[in-house]
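Reviewing the structure listed below.
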Protein chains: 2
Amino acid sequence: MLSRETIVGATFQVIDTAGVGGVSMRAVGRVLGVDPKSLYNHVDGKEGLLDAVAEALLSTLDLPEPTGDLTTDLRAIAYAFRARALSHPEAASLVLTRQLSSFEGLAPIEAVLRILRDAGFDVEESVHLLRVVLAALIGTLLREVNAGPTYGSEDAAGIAERTAVLEASELPAVTAAASHLARFDADKEFEYAVELALDAVVHRAPKGQNQR
Amino acid sequence: MLSRETIVGATFQVIDTAGVGGVSMRAVGRVLGVDPKSLYNHVDGKEGLLDAVAEALLSTLDLPEPTGDLTTDLRAIAYAFRARALSHPEAASLVLTRQLSSFEGLAPIEAVLRILRDAGFDVEESVHLLRVVLAALIGTLLREVNAGPTYGSEDAAGIAERTAVLEASELPAVTAAASHLARFDADKEFEYAVELALDAVVHRAPKGQNQR
DNA sequence: ACCTGAACACCGTTCAAGT
DNA sequence: ACCTGAACACCGTTCAAGT
């Protein structure tokens, strides 16, 4: 018997081997040895299936226990989110890109709002901060998964080639920065982004609270 | 006679009426009254066509004249970028999402690096800042175009409905912030994001420079 | 240099009929 | 309640043949 769960599982299988672009009702049906049309009994078309995949990914995000320290707690959530998104790199763009309205997506939001509230932010500013920080996180992760492992810091030949291309532009600032632009260390970039975002949050925190 | 230019133009037509999802070689061919296979003489398949569209959008970004003031100049670029991305809202996700390697994409990068360099940042930090700020910008705009006009601040009924859904979650911090979470004013969110990012940049700027 | 006919191997989805 | 046959209206792309 078919079920929503097994269908989502089969979709992960397709995504892991053929990418999100490889997902089709027919491909998923093939994995399950079932007619693609049967899927419609459990899932709301292809869009609904992809939403279900994104939700499955988010729902297993385990939120770290809060310590009471603003930056420690926000940082922990950011890293947990990244770990989850990268657990199926090919599926990451789904979580990052879909407008999720399900309950699944609300737990992390609750966690972040609670931390900000405890740090003394008022509700309105908390929502703004939540949105900017999340956008920065998503933008950073999106670049990371788009760049792919090809863009790693290892591949010396690739770096040399990209440096050459950048220098060929003859734009002075680009040329001067070429060797840095050609390199991309995902871990370091993420760390830099998170620390910058945390700085910005702390910088706006009301005084006399527990953030330091 | 067909040309790359007319093909890209026809694709914009398709995108503006049917969204990115409506783009197909056949649909573009139909607009031009031409066999879809003919497109392959001017464009590298569908992927290449979408790249060309994104590049066309970026290439008409006109960069504001620098004034020499760090925040003024970065802010001007951010707003110019947004205006361009939103000029064809349905096409925005292409510019925001594609890994562009063309010359077109380098001009804005040159501009930003030059501003950061003039503010006294060293090359390595400039590249980091460029990447974080761009990621934040992209994340913010992606949300904006995904949310769509539906999520405007006008629609009182929609806001009420979303507030109710959020409150139904019974998560305390989400409930407390429900009325703010249900609202989304794209202009204000963008402004907040930009000012936060600029604060973060200024905060890291070497002293004794021209940023103030 | 450019266009297209023939051809191939794909898609998502509805709906009525079966169990 | 679930599965599927028949059917429809789509896709992207290659390659050889035409002008």
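Reminder, nothing fancy here: chain letters follow the sequence lines and each chain counts from 1.
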Original post:
Side chains of B/D118 and B/D73: closer than 4.5 Å at any heavy-atom pair?
Top reply: no
Subject >> Letter per nucleotide, 5' to 3', of nucleotides 7-18 of chain D [B base touched, S only sugar-phosphate touched, - untouched; heavy atoms, 4.0 Å] >> reply: ----BBBB----
Subject >> Stems involving DNA chain C, each a run of at least 3 consecutive Watson-Crick or G-U pairs under 3.5 Å >> reply: C:4-8 with D:12-16, C:12-16 with D:4-8
**OP:** Would you check if the side chain of A/R162 reaches a backbone N or O of A/R183 as a donor-acceptor pair within less than 3.5 Å?
**Re:** no
Subject >> Between C/dC2 and D/dC15 - C1' atom distance, rounded Å >> reply: 15 Å
Show which side-chain atoms of residues 103-116 of chain A pair as donor or acceptor with protein atoms under 3.5 Å away, not counting sequence neighbours.
unit_1, atom_1, unit_2, atom_2, d
A/E110, OE1, B/A173, N, 3.0
A/E110, OE1, B/V174, N, 2.8
A/E110, OE2, A/R114, NH2, 2.8
A/E110, OE2, B/A173, N, 3.0

Original post:
NA contact type, A/D35, heavy-atom cut-off 4.0 Å: base, sugar-phosphate, or nothing?
Top reply: sugar-phosphate
**OP:** Decide, yes or no, whether a salt bridge links A/R75 with A/E191 under the criterion of side-chain N to carboxylate O below 4.0 Å.
**Re:** no
**OP:** Give the rounded distance in Å between these two atoms: CD1 of A/I7 and P of D/dC2.
**Re:** 11 Å
Original post:
Just to confirm, is there a sub-4.0 Å distance from OP1 or OP2 of C/dA1 to any side-chain nitrogen or oxygen of B/H42?
Top reply: no
Original post:
Taking side chain as C-beta onward, heavy atoms only, is A/N41 less than 4.5 Å from A/L2?
Top reply: no
Original post:
Between C/dA9 and D/dA9, how far is it from one P atom to the other, in whole Å?
Top reply: 23 Å
**OP:** Using the six-membered ring wherever Trp is involved, compare the ring planes of B/F12 and B/H88 and label them parallel, tilted or perpendicular (cut-offs 30° and 60°).
**Re:** tilted
Subject >> Separation between the P atoms of D/dC10 and C/dA7, rounded to whole Å >> reply: 22 Å
Original post:
Hey, does the side chain of A/S38 come within less than 4.0 Å of D/dC2's phosphate (OP1/OP2), counting only N and O?
Top reply: no
**OP:** Give the rounded distance in Å between these two atoms: CZ of A/R4 and P of D/dC2.
**Re:** 13 Å
Subject >> For B/R4 against B/H42, the heavy-atom pair lying closest together >> reply: NE-O, 3.4 Å
**OP:** State plainly whether the residues A/R82 and A/E144 are in salt-bridge range, i.e. N to O under 4.0 Å.
**Re:** yes
Original post:
With no hydrogens and no angle check, is any side-chain donor or acceptor of A/R143 less than 3.5 Å from a backbone partner on A/G139?
Top reply: no
